[in-house]
Engineer: 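Below is a structure I'd like to ask you about.
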Amino acid sequence: MPELPEVETTRRGIEPWIVGREITGWSLRQPRLRWPVVFPERLRGERIVRVLRRAKYLLLETTSGALIVHLGMSGSLRLMPLDSVAGRHDHVDIQFDHERVLRLTDPRRFGSIHYCEGDWRTHWLIKDLGVEPLGPEFNGGFLWRVAKGRRVAVKQLLMDARVVVGVGNIYANESLFLAGIRPRLAAGRIGLLRCTALAGAVRDVLERAILVGGTTLRDFVGGTGAPGHFRPSLNVYGRADQPCYQCGTQLKGIRIGQRATVYCPKCQR
DNA sequence: ATAGTCACCTGAGCGC
DNA sequence: TGCGCTCAGGTGACTA
């Protein structure tokens, strides 16, 4: 599932192919994604200036605006040969002034594409997002301040995009394991020291995942079509009832806010 | 303001 | 072989 490392992997994969290129056309085979996909006619002839990432959104900045792409849960964005046959879940192609098309494949159709004219930072999907977990403002002090007085489970706070972005279920589980914190613990009851450990763990797990191209559980592939290799590094995610690698205790599987949660009852307090 | 729940969508995996 | 069920999950929208 595309979380931040997968989106970043995609960004790095497609960037060299499309920067400086002109959008010459598109095919919308299935415009019914999370929100209806509408490409204005004026997009034709726009040139890609930069490819950025904000949270789990990819920003394809053009001369006068940006395409805002979200991969949802099952989406991938890849460069394909112009003549490659589109499959059942290949919903959108964007054509450039070369022999490749940028293709959005998304079986579950939770992804989205918007064209935003002008500054994408003011777009309604982007403007209320929290801090970047790899940015300088995300640290123990920040976590401690936003957690103050909150009774919500720390795992839910970590996954709240208005607080910090890009931490989905996999990496939330893994970060809490690394920091030795129980997922269900009320966020406001965690001290500054442990908040610092947690912020560090989030950063660490995300950075390591980016280095190996993200986590491929089923069908994620990066911009160049390669799967990610972080899966063997997972300590708890998907391992309920199996022994903890660190102490051998049986890992516990619970649900927090409808989300599968796994932790070690001995290593995490 | 905060917390909890639901909907959207499809494919995989399972029991029968 | 196939049916029906459950699960997975990001996130906006809704309710209490």
Side-chain angles (χ1 to χ4, degrees), chain A residues 1-11 29-37 53-59 68-77 86-92 104-114 116 123-133 143 145-176 183-190 202 206 209 214-221 227-228 230-231 234 236-241 253-262:
Chain A
M1 346 253 139
E3 293 193 31
L4 188 147
E6 292 73 37
V7 177
E8 181 59 25
T9 298
T10 300
R11 191 194 69 75
R29 294 182 204 87
Q30 171 56 281
R32 293 177 52 222
L33 301 187
R34 170 103 208 236
W35 292 285
V37 181
R53 178 190 59 74
R54 170 76 173 102
K56 294 175 189 168
Y57 293 96
L58 283 165
L59 294 317
I68 302 175
V69 182
H70 198 291
L71 299 177
M73 295 188 36
S74 57
S76 58
L77 207 50
R88 173 160 145 72
H89 302 301
D90 296 337
H91 307 312
V92 181
L104 177 77
T105 305
D106 187 3
R108 282 175 233 182
R109 289 165 45 202
F110 276 19
S112 65
I113 306 185
H114 289 82
C116 168
H123 192 267
W124 64 277
L125 282 170
I126 307 277
K127 63 181 173 61
D128 295 323
L129 291 172
V131 305
E132 286 287 330
L143 258 188
R145 282 194 305 278
V146 296
K148 212 168 185 173
R150 302 279 304 268
R151 294 177 166 189
V152 71
V154 58
K155 177 162 180 266
Q156 287 177 288
L157 190 79
L158 223 43
M159 293 178 67
D160 186 343
R162 290 164 305 181
V163 175
V164 54
V165 298
V167 187
N169 198 33
I170 298 174
Y171 298 110
N173 276 298
E174 294 300 314
S175 305
L176 286 161
R184 196 107 76 174
L185 194 58
R189 298 190 55 187
I190 303 175
V202 168
L206 291 176
T215 304
T216 293
L217 290 180
R218 192 165 295 150
D219 44 17
F220 170 77
V221 288
F230 194 66
R231 193 173 188 179
L234 298 176
V236 288
Y237 182 83
R239 298 197 60 243
D241 300 330
I254 58 174
R255 292 192 81 80
I256 298 179
Q258 328 269 73
R259 293 287 139 74
T261 303
V262 187

Engineer: Where do A/Asn169 and A/Arg259 come nearest, in terms of heavy atoms and distance?
Structural biologist: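 Heavy atoms only, the tightest pair is OD1-CB, 3.9 Å.
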Engineer: With a 4.0 Å heavy-atom cut-off, tell me which residues in residues 150-168 of chain A come close to DNA chain C, sorted by residue number.
Structural biologist: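 DNA chain C contact set from residues 150-168 of chain A: A/Met159, A/Gly168.
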Engineer: Strictly below 4.0 Å, N to O, side chains only: are A/Glu132 and A/Arg54 in salt-bridge contact?
Structural biologist: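 Counted as a salt bridge, because a side-chain N and a carboxylate O are separated by less than 4.0 Å.
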Engineer: Assuming nearest nucleotide by heavy-atom distance, tell me which of A/Leu129 and A/Gln258 is located more 5' along DNA chain C.
Structural biologist: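 Between the two, 5'-proximity favours A/Gln258.
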Engineer: Checking side chain to side chain contact (heavy atoms under 4.5 Å, CB included) between A/Ile68 and each of A/Ile126, A/Leu58, A/Ile113, which is the one that passes?
Structural biologist: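 Option passing the side chain to side chain contact (heavy atoms under 4.5 Å, CB included) with A/Ile68: A/Ile126.
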Engineer: Measure the distance from CG on A/Asp106 to P on B/dT10 and round it to the nearest whole Å.
Structural biologist: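 It works out to 10 Å between those atoms.
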Engineer: How sharply is the helix from B/dT2-C/dA16 to B/dC16-C/dG2 bent, taking the axes over five pairs at either end and rounding to 10 degrees?
Structural biologist: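 Overall, the helix from B/dT2-C/dA16 to B/dC16-C/dG2 bends by 50° from one end axis to the other.
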Engineer: Please report the closest heavy-atom contact between A/Leu33 and A/Leu104, naming both atoms and the distance.
Structural biologist: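 So the minimum-distance heavy-atom pair works out to CD1-CD2, 3.5 Å.
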Engineer: With a cut-off of less than 4.0 Å, is there a side-chain N or O of A/Arg255 near OP1 or OP2 of C/dA8?
Structural biologist: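 For C/dA8, OP1 or OP2 has a side-chain N or O of A/Arg255 closer than 4.0 Å.
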Engineer: Rounded off to whole Å, could you give me the CG-to-P distance for the A/Asp128 and C/dT11 pair?
Structural biologist: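 About 14 Å, once rounded to whole Å.
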Engineer: Quick one: A/Leu125 CG to C/dG12 P, roughly how many Å, whole number?
Structural biologist: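 Going from CG in A/Leu125 over to P in C/dG12 covers 6 Å.
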Engineer: Does A/Val167 reach the side chain of A/Val202, with side-chain heavy atoms less than 4.5 Å apart?
Structural biologist: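 Side chain of A/Val167 against side chain of A/Val202, heavy atoms only: contact under 4.5 Å found.
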Engineer: Search all heavy atoms of A/Asn173 against all heavy atoms of A/Val236 and return the closest pair with its distance.
Structural biologist: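 Looking at all heavy atoms of both residues, the closest pair is O-CG2, 3.5 Å.
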Engineer: All N/O contacts under 3.5 Å from nucleotides 13-16 of chain C to the protein, with atom names and distances to one decimal?
Structural biologist:
none

Engineer: Would the base of C/dA8 count as contacting A/Arg108 through its side chain, where contact means a donor and an acceptor less than 3.5 Å apart?
Structural biologist: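 By the distance-only test, yes, there is a pair.
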Engineer: Give the rounded distance in Å between these two atoms: CZ of A/Phe110 and P of C/dT11.
Structural biologist: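 About 11 Å, once rounded to whole Å.
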Engineer: Is the shortest heavy-atom distance from the side chain of A/Val69 to the side chain of A/Ser112 under 4.5 Å?
Structural biologist: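 Contact flag for A/Val69/A/Ser112 side chains = no.
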Engineer: Report the relative orientation of the aromatic rings in A/Tyr57 and A/His70; use parallel for angles under 30°, tilted for 30 to 60°, perpendicular for over 60°.
Structural biologist: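 Rings of A/Tyr57 and A/His70: perpendicular, as their planes differ by over 60°.
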Engineer: Quick check: are there more than 12 heavy atoms from other residues, nucleotides or ligands sitting under 6.0 Å from CZ of A/Arg189?
Structural biologist: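 Counting neighbours around CZ of A/Arg189, 12 or fewer heavy atoms of other residues, nucleotides or ligands fall under 6.0 Å, so no.
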Engineer: Taking the side chain as C-beta and beyond, is there a heavy-atom pair between A/Ser74 and A/Pro107 under 4.5 Å?
Structural biologist: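 Result yes, sub-4.5 Å side-chain heavy-atom pair found.
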Engineer: For residues A/Leu176 and A/Val154, determine if any side-chain heavy atom of one lies less than 4.5 Å from a side-chain heavy atom of the other.
Structural biologist: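 SC-SC contact between A/Leu176 and A/Val154 confirmed.
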Engineer: Closer than 3.5 angstrom, by distance alone: can the side chain of A/His91 be matched with the main-chain N or O of A/Pro31 as a donor-acceptor pair?
Structural biologist: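 Such a contact is absent between A/His91 side chain and A/Pro31 backbone.
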Engineer: Could you tell me whether the phosphate oxygens of C/dG10, OP1 or OP2, come under 4.0 Å of any side-chain nitrogen or oxygen in A/His70?
Structural biologist: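 For C/dG10, OP1/OP2 do not have a side-chain N/O of A/His70 under 4.0 Å.
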Engineer: Give the rounded distance in Å between these two atoms: CZ of A/Arg184 and P of B/dG4.
Structural biologist: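 It works out to 10 Å between those atoms.
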Engineer: Below 4.0 angstrom from OP1 or OP2 of B/dT10, is there any side-chain N or O of A/Arg88?
Structural biologist: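 No, no such contact exists.
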Engineer: Without decimals, in angstroms, what is the distance between A/Leu104 CG and B/dC9 C1'?
Structural biologist: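 Taking CG of A/Leu104 and C1' of B/dC9, I get 14 Å after rounding.
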Engineer: Calculate the interatomic distance between A/Leu33 atom CG and C/dT11 atom P; express it in whole Å.
Structural biologist: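 Answer to the nearest Å: 15 Å.
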Engineer: Expressed as a whole number of angstroms, how long is the span from A/Arg259:CZ to B/dT5:C1'?
Structural biologist: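 One finds 11 Å between C1' of B/dT5 and CZ of A/Arg259, rounded.
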